[in-house]
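See structure below.
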Amino acid sequence: LAQLNAIGLAVERTAAACGFEVIRNLPGHGIGRTLHEPPSVDGSLAAQYEHTVVVTRGEPLILTQL
């Protein structure tokens, strides 16, 4: 969990340094029966970028980079 928090903090700091904001109510999600669910973002321009990651005992597998 500490590693995930560190990744999130790094993303947030990088976004802020570039003049962007992190959307707080749009956290990571699993890929179950449906991929994208609410919340929707209204009233401003927004973009989302994501990877599909398999958490393992060793290094994580980033499936969208294979």
Write out all pairs satisfying salt bridge (Lys or Arg N to Asp or Glu O under 4.0 Å) with one or both partners inside residues 5-18, taking only residues at least two apart or from two chains.
Glu12-Arg24

Sorted by chain and number, sequence neighbours left out, side chain to side chain contact (heavy atoms under 4.5 Å, CB included) with Val54 holds for Thr56, Leu61, Leu63

Partner residues of Ala16 under the side chain to side chain contact (heavy atoms under 4.5 Å, CB included) criterion, sequence neighbours left out:
none

Are Pro60 and Val55 packed together at the side-chain level, in the sense that at least one heavy-atom pair is separated by less than 4.5 angstrom?
no

